[in-house]
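Worksheet: one structure, shown below.
Every number for a ligand or one of its atoms is a count from 1 in the order of the listing. We number each residue from 1, following the sequence as shown.
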Amino acid sequence: MMEKPSADCTAYEIAENLKEIKDSMAEACIKAGRGPEDVMLLGVTKTVSPQRINAAIAAGLRSIGENRVQELLGKKDELTLAGVDVHLIGHLQTNKVSKIVGQVNMIESIDSFRLASAVNQASKKAGIVTDVLVQVNIGREQAKSGVMEENLEALLAEMGTLGSIKVRGLMTIPPIFDTEREKRAVFARMYKLFIDIRGKKIDNVTIGTMPMDVLSMGMSGDYKEAILEGATIIRIGSALFGKR
Ligand SMILES: *Cc1c(COP(=O)(O)O)cnc(C)c1O
């Protein structure tokens, strides 16, 4: 797929891109023996204008993800969000937590107990339960946020004491790889971690009989591989809206 500069990406092109992505998703789902409804397409809207986000929603996009609290809150009033899920996917500072809780359907970027506690406290105050994902730094990269895999279980166990958040699953931003084999290998490792941790039945992670069921991984350059390896949310920015 050709990437075009954002400014040139018209409503028509956004609709075409969305259709192409959905077709590729369906193809990857068939290849993986999964149903098309098993994977959610989250349109990543950082730096994208409200007009262009609304064009994607009009074309059928049902979930969006923003990185920054300020940017999201600044654009939100101009978005036609009826029936659209909004996720926060970027690094969250504890001093921004009270602003974002209640404004999104899910926070995908929890990576410390301190942050989880802050979200819990703000949710309690608002009288809501916030769905969250724990972000894992699967590639052990210095510049990236996320908990290291060896610390995941302890963090989840600690988070199990927090009654106003619900851990729905895991999120990761793996290193960028060139080959399909490397892309699949890192997603497969993440999926294995997801399955292993689900098997542990940690409080507040296993919800009644429903275990945590969300695995958010895969972006414009590697979403097909992510679907083949078990992603339930893919986060797509440039393939949908054009180059940032
Ligand atoms: C920007 C971003 C994406 C989307 O990246 P693309 O390569 O443009 O699809 C996905 N997830 C996160 C956390 C991001 O910051």
**Asked** Say you draw a straight line from CG of N151 to CG of L156; how long is it, rounded to the nearest 0.5 Å?
**Response** 11.0 Å

**Request:** Please step through salt bridge (Lys or Arg N to Asp or Glu O under 4.0 Å) for the pair E229 and R184, ending with a clear verdict.
**Result:** CA-CA 7 Å; E229 299 300 342; R184 288 191 64 162; 2.7 Å; yes

**Prompt:** Does E141 come within less than 4.0 Å of K144, counting only side-chain N to carboxylate O?
**Reply:** yes

**Request:** Output, in order, the C-alpha distance, side-chain angles, deciding distance and verdict of side chain to side chain contact (heavy atoms under 4.5 Å, CB included) for H87 and S63.
**Result:** CA-CA 8 Å; H87 291 195; S63 323; 5.5 Å; no

Ligand 1: which protein N/O atoms lie under 3.5 Å from its N/O atoms?
from: ligand 1; atom 1: 8 (O); to: S238; atom 2: N; distance (Å): 2.8
from: ligand 1; atom 1: 8 (O); to: S238; atom 2: OG; distance (Å): 3.0
from: ligand 1; atom 1: 8 (O); to: R244; atom 2: NH1; distance (Å): 2.9
from: ligand 1; atom 1: 8 (O); to: R244; atom 2: NH2; distance (Å): 3.1
from: ligand 1; atom 1: 9 (O); to: S220; atom 2: N; distance (Å): 3.0
from: ligand 1; atom 1: 9 (O); to: S220; atom 2: OG; distance (Å): 2.5
from: ligand 1; atom 1: 9 (O); to: G237; atom 2: N; distance (Å): 2.8
from: ligand 1; atom 1: 11 (N); to: R235; atom 2: NE; distance (Å): 2.9
from: ligand 1; atom 1: 15 (O); to: K46; atom 2: NZ; distance (Å): 2.6
from: ligand 1; atom 1: 15 (O); to: N67; atom 2: ND2; distance (Å): 2.7

**Asked** What heavy-atom pair brings V48 and I53 nearest, and what distance separates the two atoms?
**Response** O-CD1, 3.5 Å

**Message:** I'd like to know if the side chain of R235 reaches the main chain of G65, judged simply by a donor and an acceptor atom lying under 3.5 Å from each other, with no hydrogens or angles considered.
**Reply:**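 Checking the backbone N and O of G65 against the side chain of R235, no donor-acceptor pair under 3.5 Å is found.
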
